[in-house]
Amino acid sequence: MPALFQVLVAATSLVLAGSAVGEIARESDAAAEPYPGGRVISARYSSSVLIFRVGAISLTARIDPEHYAADTVVEAAGLAALFTDFDIRAEVEGRRTEASVLPLRYAHVERTGSKVRAVDIAFDNRMASAHATPPFGSLGVPPATAEQREGVIDPISAIFLLAQARIGGEAGVCSGSLPVFDGKARYNLRLEAGESQTIRTPAWRGEALLCHAWYEPIAGYDPEDYPTPAELRYPLDIWLAPFPEHGFYLPVRLHTRAGFGGVTIQVAELDIQLASAEP
């Protein structure tokens, strides 16, 4: 995968399931379900380096009080499409509880030129096991152990897990550490809350909470793929916009300083609808 798109995909892993980036509880009657029923979120994100568009991300997510599911496509666009033929299609489904998420299945298909690899992750009794077609030539040095794959989540479910604490304010939206496994690499995303800032994108404007996500590699990396100190020096910055009428936050902008000029991802189109009774 081209180095630029390694940065893009890493950033995108925190956008893919943007449908639940922080559940907002009412100050009163907290025991009741304030937002019954489900929501369907359709969004398109655009990524750029400096002023040049390099990628596009489309997302469809469905959430209700007990379940979540999402489908997404990441592809080269604009200037980058002249130099690389690249896309990733990913999907996830799982269950929501009061304090956590339980992924049931995650899958993605990555295509770079004529090379295609499909990765499926099953979660059985909190243990993640991956199957790749064709198989990885290496599972990393060292590979992720069974112990390191226990209790993990996939990249898409990371955002859903971030949302689970019922909160009365913004302090609990971005905190703690998320254990992530993508089928080969095992890493943590360490979260730190920043201040609210005024954000303007083509699809949304207003006050958004800044969340810093620090990438911490654990296992499953080949030496040539291990992040450099320069790549780990800065966090991925995520701006979370509140949607109190629906009961959650959404990421409206992301930025990482890794790579030449850094990569910015922002929402270009956004639509939120009540889900029908049928799945």
Side-chain angles (χ1 to χ4, degrees), residues 9 11-26 32-46 56-75 87-109 118-123 128 152-167 173 178 180-183 201 203-204 208 211 238 240-254 265-279:
V9 171
T12 301
S13 70
L14 286 178
V15 179
L16 298 181
S19 56
V21 185
E23 188 176 350
I24 306 172
R26 294 186 299 184
E33 173 55 54
Y35 306 97
R39 301 293 188 272
V40 175
I41 298 95
S42 299
R44 183 177 63 84
Y45 292 80
S46 178
I57 305 160
S58 60
L59 163 76
T60 301
R62 180 184 175 111
I63 61 170
D64 63 41
E66 297 182 352
H67 307 89
Y68 68 95
D71 298 273
T72 191
V73 177
V74 184
E75 57 190 346
D87 64 68
I88 290 180
R89 299 173 184 271
E91 60 184 35
V92 67
E93 58 181 310
R95 292 187 288 117
R96 300 178 69 194
T97 68
E98 182 71 16
S100 186
V101 298
L102 301 172
L104 300 176
R105 178 182 175 271
Y106 166 85
H108 77 248
V109 177
V119 176
D120 284 85
I121 305 178
F123 298 85
V152 299
I153 55 176
D154 59 86
I156 299 182
S157 296
I159 289 298
F160 286 97
L161 183 59
L162 182 60
Q164 292 311 292
R166 297 181 65 84
I167 54 175
V173 176
L178 308 182
V180 183
F181 177 63
D182 68 4
T201 77
W204 186 88
C211 179
I238 313 163
L240 307 176
F243 289 82
E245 69 275 27
H246 297 294
F248 49 67
Y249 292 82
L250 290 172
V252 291
R253 176 177 294 169
L254 301 90
I265 301 173
Q266 63 180 3
V267 63
E269 297 177 7
L270 177 63
D271 180 64
I272 305 173
Q273 298 288 337
L274 293 177
S276 62
E278 294 78 14

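All values derive from a computational prediction rather than experimental measurement.
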Worksheet item: Taking only residues two or more places apart in sequence or in another chain, which ones pass side chain to side chain donor-acceptor pair (under 3.5 Å) with T201?
Response: none

Discussion item. Testing the basics here: between G183 and V119, what is the closest heavy-atom pair and its distance to 0.1 Å?
Written reply: CA-CG1, 4.0 Å

Response to the item:
In this structure, CD1 of I153 is separated from CZ of F123 (nearest 0.5 Å) by 8.5 Å

Item to complete: Enter the distance from D154:CG to F181:CZ here, rounded to the nearest 0.5 Å.
Response: 10.5 Å

Practice prompt. Could I get the full list of salt bridge (charged side-chain N to carboxylate O under 4.0 Å, His left out) partners for D271, not counting sequence neighbours?
Written response: none

Worksheet entry | Between NE2 on residue H67 and CZ on residue R96, distance to nearest 0.5 Å | 11.0 Å

Discussion item. Under the rule for side chain to side chain donor-acceptor pair (under 3.5 Å), what residues qualify as partners of E93, not counting sequence neighbours?
Written reply: none

Item to complete: For S46 and A56, indicate whether the former's side chain and the latter's backbone hold a donor-acceptor pair under 3.5 Å.
Response: no

Practice prompt. Could you tell me whether a side-chain N or O of Y45 sits under 3.5 Å from a main-chain N or O of P251, the two making a donor and an acceptor?
Written response: yes

Fill in: Between CD1 on residue I41 and CZ on residue R62, distance to nearest 0.5 Å
10.0 Å

Practice prompt. To the nearest 0.5 angstrom, please state how far the CZ atom of F243 sits from the CD1 atom of I272.
Written response: 4.5 Å

Item to complete: Run through I88, V74, V267 and flag the one making a side chain to side chain contact (heavy atoms under 4.5 Å, CB included) with I57.
Response: V74

Worksheet item: So, for P103 and S157, which heavy atoms are closest and what is the spacing to 0.1 Å?
Response: CB-OG, 3.6 Å

Worksheet item: Nearest heavy-atom pair of A107 and D120: which atoms, and what distance?
Response: CB-OD2, 3.4 Å

Worksheet entry | Taking every non-hydrogen atom, the tightest pair across A158 and L178 | O-CD1, 3.3 Å

Worksheet, complete the sentence: Residues S58 and T72: closest non-hydrogen pair is O-OG1, 2.7 Å

Worksheet item: Taking side chain as C-beta onward, heavy atoms only, is V252 less than 4.5 Å from Q266?
Response: no

Practice prompt. Output the distance between atom CZ (R95) and atom CG (L104), rounded to the nearest 0.5 Å.
Written response: 6.0 Å

Discussion item. Going by salt bridge (charged side-chain N to carboxylate O under 4.0 Å, His left out), name the residues that satisfy it together with R44, two or more places apart in sequence or in a different chain.
Written reply: E269

